[in-house]
Amino acid sequence: MKQGIFTLERTRQLTGDVWELRLSGDTSAVTAPGQFVNIELPGKFLRRPISVCDWDQEGLTLLVKEAGEGTKELVRLPAGTELNVLSGLGNGFDIAAAPEGAVLVGGGIGAAPLCGLARRMLAAGRRPALILGFRSREDAFYLEEFAALGVDVLTATEDGTLGARGFVTDVLKTLPGCTCVLACGPTPMLRAVHALPQLTGGQFSFEARMACGFGACVGCTIETRAGLRRVCKDGPVFRKEDILW
Amino acid sequence: MVDLSVHLAGVTLKNPIIPASGTFGYGREFADTYDLDILGAFSWKGTTRDPRPGNPQPRIAETASGMLNAVGLQNPGMEAVLREEVPWIAEHFHGPVIANVCGFSLEEYAENCRALEDAEQVKILEVNISCPNVHAGGKNFGSDPKSAAAVTRAVRAATKKPVFLKLSPNVTDIAEIARACADEGADGLCLINTLLGMRIDLNTKRPLLANRTGGLSGPAVFPVAVRMVWDVYEAVPKLPIIGCGGVDSAGAAAEMLLAGASAVEVGAANLRDPWACKTIIEDLPGVCQRLGVDKISDLTGGAHHGE
């Protein structure tokens, strides 16, 4: 964990409520895709935990969905704003532990960390397939960015306006050879994916309301097969076999 | 050179800053952020006899200038703390440890205090009679003078270590509770625990916290804490007070001392800024100089005296 000042370089609206933010600053504490940062906002007591979409030596790319007052303000901050950021939080995805053929699965804003994950898997000589689920075509984002990386993107929308009609699980069922996923998305999606009988393994990134983001307040504790675990410090990525619903 | 040392019932702290129970775990999460030995002491997570998983999610909600928590005393239980945490603490922190002890009966309070008798580094027992997030068949022991007195009596008989009762602000007259603890031989008092609060989720139209209510902490409670420290100092001037509630700066710590505290716990500030205690400690000498004292302990109760 590192505390540092990051400068908001630019923001770009991707959909009605999803924005891309580019921040410059010291990213040396970020070690794995799926980790998150916790951002202090003026006038807010608690920081806002945001998954890292991608990073390089110069800075971070974050995808932020407007969920409440804090995130609404965050995405509307002017370029040049300096933000106090705790970086390098949590345990991300473990690429080495993912078998060949593991499929990336994202739902809504859960697509964010899969970008940095896909880039690093490709750099490691892997060529993962990616399934993204959205409510509708107008909610979809980052399809071009993922395609530019060189991953094969399959999509599902609930209303069928883009890709397959239905959920990411409907697409997964058409890939019976897929026995392992690296997934991030809303809890109902994670749960449905986790329940697919074809899966023998996988890594699932969780979301929780948290205060500190580094394990001190135990506000985000969940029960797992391995005992009580903090989403922020022990997760947010958990192994399939450890997850209880 | 400003003398930052303070004394609590015969225990010397190198400075008055103590991370508050429930915001510092058993110290592990902060050992990577700064040298724990800079702290005056630290108060570990409220510990019960049996392991507790705590309350269901969500347990955290934001408020104006603060937060609600309904963690519900999640802790690994006294035996695991003695086995796993006490030896770890001895390796990473060399000052006095304040053990926050909880219970659901007088017997459990006494048993938990006895269990710590041989833990040499534990210099003060902070007996938590004020957690708002657990439901043990009714109100907590800190909510009336009689039950507060009963807990004090039970723990006083169970241990030789100094006993500080951690008081609830969710009472009509905190001074009355303080007097009841003093009369039964409390060595000191710690106040305040969190204020009971609630938020409603406008999406679901239901309470935001699964526990419905939670404890309010952060700068929002600071003036309430200062006022209650003031009242308790007037009511039981002989007992040392650990002031707690919304302290997030050296200036706020000094206010607590002037109101009557001998030492200061820093709680929610640690969650927003993991380096909060370090910054406050570093800023204390400057605040003392501004206030014209060479010894920080001279600030205690200063607001009650003189014109």
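Every value quoted in this text rests on a predicted model; they were computed, and no experiment measured them. Here is the naming used below: chain letters follow the sequence lines, and residue numbers restart at 1 for every chain.
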**Q** Show the nearest heavy-atom pair for residues A:Thr221 and B:Gln57, with the distance to one decimal.
**A**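 Of all heavy-atom pairs spanning A:Thr221 and B:Gln57, the closest is O-NE2, 2.8 Å.
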
**Q** Tabulate, in ascending numerical order, the residues of residues 25-41 of chain B having at least one heavy atom closer than 4.5 Å to a heavy atom of chain A, or enter 'none'.
**A** B:Gly25, B:Glu29, B:Phe30, B:Thr33

**Q** If every non-hydrogen atom of B:Trp275 is compared with every non-hydrogen atom of A:Gln3, which pair is closest and at what distance?
**A** CE3-NE2, 3.2 Å

**Q** Looking at CG of A:Leu228 and CZ of B:Arg52, how far apart are the two atoms once the value is rounded to the nearest 0.5 Å?
**A** 11.5 Å

**Q** Check whether A:Glu40 gets within reach of chain B through its side chain, its backbone, both or neither, counting any heavy atom under 4.5 Å.
**A**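 It is the side chain, since no backbone atom gets that close.
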
**Q** Donor-acceptor pair, A:Arg47 side chain versus B:Arg272 backbone, under 3.5 Å?
**A** yes

**Q** Which heavy atom of A:Gly219 sits nearest a heavy atom of B:Val71, and at what distance?
**A**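 Smallest interatomic distance, heavy atoms only, reads CA-CG2, 4.1 Å.
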
**Q** Give, as side chain, backbone, both or neither, the part of B:Asn270 having an atom under 4.5 angstrom from any heavy atom of chain A.
**A**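 Just the backbone, heavy atoms under 4.5 Å.
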
**Q** Below 4.5 Å from any heavy atom of chain B, which atoms of A:Leu46 appear? Answer side chain, backbone, both or neither.
**A** both

**Q** For A:Glu69, does the CD atom sit with more than 12 other heavy atoms under 6.0 Å from it, leaving out its own atoms?
**A**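 At most 12 heavy atoms, drawn from other residues, nucleotides or ligands, come within 6.0 Å of this atom.
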
**Q** By a 4.5 Å heavy-atom criterion (distance strictly below it), what part of B:Leu208 contacts chain A: side chain, backbone, both, or neither?
**A** side chain

**Q** Please tabulate, one pair per line, all N/O donor-acceptor pairs under 3.5 Å involving side-chain atoms of residues 217-225 of chain B, not counting sequence neighbours.
**A**
none

**Q** Under 3.5 Å, is there a donor-acceptor pair between the side chain of A:Arg209 and the main chain of B:Leu209?
**A**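 Looks like no, no N/O pair under 3.5 Å.
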
